[in-house]
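Just so we're clear, the structure is a prediction, and the values are computed from it rather than from any experiment. Worth knowing before you read on, the calculation uses all heavy atoms, side chains too, and leaves out hydrogens, waters and symmetry mates.
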Amino acid sequence: MAYSRRKIDVQLELFSAKVLLFPAHRDRRLVKKKAHTLIVLGRERGEKNWFAFCRKLDKQMTKAGMSREKVLAEIDRLALAVRAEMYGQRSSSRPGGSAA
């Protein structure tokens with residue numbers, strides 16, 4: 001049975017699907033990794049990294065068919081989770097584990 005080149009290309013496209021994990025704010029590995037990256041980069045470079053990351057995430061979620069309202073809400077929840085992780089890391093890295 002012979003397959004045309006186009007049919008094979010279409011079949012390969014079906015197998016190269018990308019899986020997106022939503023809601024992203026519940027992905028503990030992503031939250032911890034992003035918080036660590038932002039802490040290491042510092043304020044200015046961290047902000048650039050965060051905005052680039054959010055733009056990429058926005059495009060992925062929009063392409064997946066999420067409404068604008070849901071995309072923005074998800075990015076807000078992710079930002080809260082990352083911020084909470086960052087403050088948790090900072091407070092635990094201080095002597096005695098206190099934030100004060």
Run the side chain to side chain donor-acceptor pair (under 3.5 Å) test against Arg29 and tell me which residues pass, sequence neighbours left out. none
Take atom CZ of Arg43 as the centre, draw a 6.0 Å sphere, and report whether it contains more than 12 heavy atoms from other residues, nucleotides or ligands. no
Residue pair Ile75 / Met61: nearest heavy atoms and the distance that separates them: CG1-CE, 3.7 Å
Listed partners of Arg77 passing side chain to side chain donor-acceptor pair (under 3.5 Å), at least two apart: Glu74
Do you reckon Phe51 sits in the same ILVMFWY cluster as Leu72, going by side-chain contacts under 4.5 Å, direct or chained? no
Could you list all the ring-ring contact (aromatic ring centres under 6.0 Å, His included) pairs where at least one residue sits in residues 57-77, not counting sequence neighbours? none
What pairs with Arg45 under side-chain contact (heavy atoms from CB on, under 4.5 Å), at least two apart in sequence or on another chain? Leu41
Note, Glu85 side chain near Val82 side chain (heavy atom, < 4.5 Å): no
For residues 52-71, the ring-ring contact (aromatic ring centres under 6.0 Å, His included) pairs (sequence neighbours left out) are Trp50-Phe53
Beyond-backbone contact of Lys32 with His36, side-chain heavy atoms, under 4.5 angstrom: no
For residues 54-84, which residue pairs pass the ring-ring contact (aromatic ring centres under 6.0 Å, His included) check, not counting sequence neighbours? none
Who passes side-chain contact (heavy atoms from CB on, under 4.5 Å) against Lys70, sequence neighbours left out? Met66, Ser67
What pairs with Asn49 under side chain to side chain donor-acceptor pair (under 3.5 Å), at least two apart in sequence or on another chain? Lys34
With rounding to the nearest 0.5 Å, note down the distance linking CG in Leu38 to CZ in Arg83. 10.5 Å
How would you list, by chain and number, every residue that makes a side chain to side chain donor-acceptor pair (under 3.5 Å) with Thr62, sequence neighbours excluded? Asp58
Smallest separation among heavy atoms of Leu78 and Leu30, with atom names: CD1-CD2, 4.3 Å
